[in-house]
2 protein chains.
Amino acid sequence: MKSIKVGLLGIGTVGSGTFNVLKRNQQEIAARAGRAIEITMVADLDVERARQLTSGDVAVVNDAKLVVNNPDIDIVIELIGGYGIAKDLVLQAIANGKHVVTANKALIATHGNEIFKAAQEKGVIVAFEAAVAGGIPIIKALREGLTANSIQWIAGIINGTTNFILSEMRDKGLDFDVVLKEAQRLGYAEADPTFDIEGVDAAHKLTIMASIAFGIPVQFSKAHVEGITKLQATDIRYAEQLGYRIKLLGITKRTAGGIELRVHPTLIPSKRLIANVEGAMNAVLVRGDAVGDTLYYGKGAGAEPTASAVIADLVDITRLATADPEHRVPHLAFQPNAMADTPILPMAEITTSYYLRMHVADQPGVLADVTRILADSSISIDAMLQKEPAAGETRTDIIMLTHQTQEKNVEAAIVKIEALATVVGTVTKIRLEELG
Amino acid sequence: MKSIKVGLLGIGTVGSGTFNVLKRNQQEIAARAGRAIEITMVADLDVERARQLTSGDVAVVNDAKLVVNNPDIDIVIELIGGYGIAKDLVLQAIANGKHVVTANKALIATHGNEIFKAAQEKGVIVAFEAAVAGGIPIIKALREGLTANSIQWIAGIINGTTNFILSEMRDKGLDFDVVLKEAQRLGYAEADPTFDIEGVDAAHKLTIMASIAFGIPVQFSKAHVEGITKLQATDIRYAEQLGYRIKLLGITKRTAGGIELRVHPTLIPSKRLIANVEGAMNAVLVRGDAVGDTLYYGKGAGAEPTASAVIADLVDITRLATADPEHRVPHLAFQPNAMADTPILPMAEITTSYYLRMHVADQPGVLADVTRILADSSISIDAMLQKEPAAGETRTDIIMLTHQTQEKNVEAAIVKIEALATVVGTVTKIRLEELG
């Protein structure tokens, strides 16, 4: 049978990983796919380097359009990144009747609806397993493995950089800035780490998972995006004493009023498996109404782990390319005409538990004032930790864990607590999920 | 579009779970599958109970042949179990051109080759996600999610009963017999628990995973099957002191000489995520050459978790039923004509590390004798624990952890150690995997 010809746009880390794995495992991959899959054309601005990486076996061009317009190419792999040129190239490939595989989470999370519509109309597949959690086949699990379930929530550690930083902060008791520099030195954080540390990358991935889980269009602009830059070592320590770890979680939940879609630092009980996911590893915990909790763990980034997902998509397309389009697995798990318009909830309306830390004068009545304010806002307290003032200090920290309540209640209570004369500065608020 | 008509053989725990989930989530499932999926016919010996469970909505018969021979049925779900009547019914359904979904690990692990050949010739699908690890979509991950990889090994906690027993033995320091009775009382172990506690159930599941991972036929008869009935609380305690937990693992590895296929109690470092899988939960750790380690965790049994897998298969078939057979996902991941005849290694030739416990006279020279025997067998020692003799005792326990070596070396060394006059009784040998 004729081999599947693949064109690769961008041969950086993931691109060269894909090229190498496809070559190394070509026999095994062909035995699974039913025919050979080969990269026959590569586009990269650095033509010389691309030639070296592909050792002269493939055509190398510096104009990506030559790939997407080449009639011999069956599948285009887009590894350029970003929303600009990448989007144009993907749409052009679709218009030319080519299947597309992409690792571009930003593109799918922001322009996925337009791209899938174009693909649907043209009868081609746009596959994006590599866009979420690297080599972990989480898109496939959500889209095909858990189809029986009404999915209730997803909570994921889906950014390796921030998980590495949080693991180091906890292990070594260091502050964010110090660990970030270390992470940059080790290659776990980029020179400009903004997308990672501010939660944008995690929110892109979460947006895609929410869409597949709940049958809603991708809508990144409605996600709550909060990173780890403001997290203090002291809160990680207090959380630990209370039996919790702090992770940057992407959380999406189906509630009666709508869908929660939020990325933020989160306390989770230390005994949960997902709390023990350390370093740059990723893990996604999914609750379905039938299956209960399932967890998917692995490397969320890197050349070959991401290549693993890219190639799984190539194999899927090769296996299914000739199927009638209406019988293919839908891009977002649900059939395009069966998508729901369930709203995304504003953060004020989400329900969760909270860790609150306040710095207070060590004098009678403070605790009574604070607990009164919480009670008046219908917030009940699950656990409390009050430290002795340090020697020579007249102030101390109070830490409270609340039961579940709406975010707006907590916000209102915090305003009142901060107005107390005995409370110094602002109240630190970190959301908490039991995941139990 | 016409709905997919499903016939159910056997409406026990998993059968009624499947019926209920399919009904409860019918809208969502149809939105994913592209058309409605409905159970229209049920066969069960207890017709009255089957009628109650299905509340009169479906045709109930007591002869399963009426279902597999009914021309209106598109897919047959086989939940009878065992290899006898179940096999005949599955083959009859295939002969009648029907797709089959089964949770029957014993059937697939022992007669899978014959069944898949029949299905291939008839152009129908036999799906069996529910046969391994309940609701965890591990078959899909191995067959479709990790297709880029040369899979190196799989290590799985794939029997909930034994994991529950081992967790209880560790937590409470109780012996096997005591915990087994408790597990039976709580419903975690069956009245006749043989298949679970002797490792047969785990070996069925492992056989299926090995086949998919390595592209070999299912060959249960070559699996090494060792359960937990001989495991003593004392070894669990010693392992703990050395930083390990004991789990019943199903392990299959690709080596230069062949494939290791073995189920046995195994020490694993306590810090590994999989070592912290407690109670009746399942987890499968897979190492691929590209993706590295990925782990899949969830409930391995129960009505609705298993139903989740059964229904995922129904949806897959519904999505793909009209695809050309040669473009479907192959049953065992590899194309039928691309299967390998890599041999399964006999246990003497497997390579792993070992925990050895011996009861010795507390006198000079014992340790020298034992370590000399090990050195002569080219076995090097990784860690050692020697206990003070208990008050009034003249004997003590020595525990050794070895580096990796071949099983036959260890067997030979044990024979020599047991022949020493200073060694009392037999040497306890438990295999150890670093999984790191």
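Protein chains get the first letters and strands the later ones, always in sequence-line order, with residue 1 at the start of each. Keep in mind that the numbers below use all heavy atoms, side chains included, and drop hydrogens, waters and symmetry copies.
Smallest separation of non-hydrogen atoms from B:A148 and A:A307: CB-O, 4.4 Å. Shown here for B:P137 and A:A141, the closest heavy-atom pair between the two residues is CG-CB, 4.2 Å. Between A:S308 and B:L146, the shortest heavy-atom distance links the atoms OG-CD2, 4.4 Å. Closest approach of B:R32 and A:I151 over heavy atoms only: NH2-CD1, 4.1 Å. Looking at every heavy atom in both residues, B:A312 comes nearest to A:G145 through CB-O, 3.5 Å.
Among B:T306, B:N149, B:L285, the residue with the largest count of heavy-atom pairs under 4.5 Å with chain A is B:N149. Contact count against chain B (heavy-atom pairs under 4.5 Å) is highest for A:R24 among A:Q26, A:R24, A:Q27. Looking only at heavy-atom pairs under 4.5 Å with chain B, the residue among A:V310, A:V291, A:I311 that has the most is A:V291. Taking A:G135, A:A290, A:G288 one by one and counting their heavy-atom pairs under 4.5 Å with chain B, the maximum is reached by A:A290.
In this structure, the portion of B:N25 lying under 4.5 Å from any heavy atom of chain A is its side chain and not its backbone. With a 4.5 Å cut-off on non-hydrogen atoms, B:D289 touches chain A through its backbone and its side chain both. Neither the backbone nor the side chain of B:I274 comes within contact range of chain A, judged by heavy atoms closer than 4.5 Å.
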**OP:** Determine, step by step, whether B:L273 and A:V277 satisfy the side-chain contact (heavy atoms from CB on, under 4.5 Å) criterion, reporting the C-alpha distance in whole Å, the side-chain angles of both residues, the deciding distance to 0.1 Å, and the verdict.
**Re:** CA-CA 8 Å; B:L273 219 51; A:V277 170; 4.2 Å; yes
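For the atom pair NZ (B:K271) and CD (A:E278), the distance works out to 12.0 Å, reported to the nearest 0.5 Å. Considering CG of B:D316 and OG1 of A:T147, their distance stands at 6.5 Å, rounded to 0.5 Å.
You'll find the side chain of A:E144 reaches within 4.5 Å of the side chain of B:E144, heavy atoms only.
Within residues 294-305 of chain B, the residues having any heavy atom under 4.5 Å from a heavy atom of chain A are, by residue number, B:T294, B:L295, B:Y296, B:Y297, B:G298, B:K299, B:E304, B:P305.
No more than 12 heavy atoms of other residues, nucleotides or ligands shown are found within 6.0 angstrom of OH on B:Y188.
A salt bridge between B:E28 and A:R254 is present, with a side-chain N of the basic residue lying under 4.0 Å from a carboxylate O of the acidic one.
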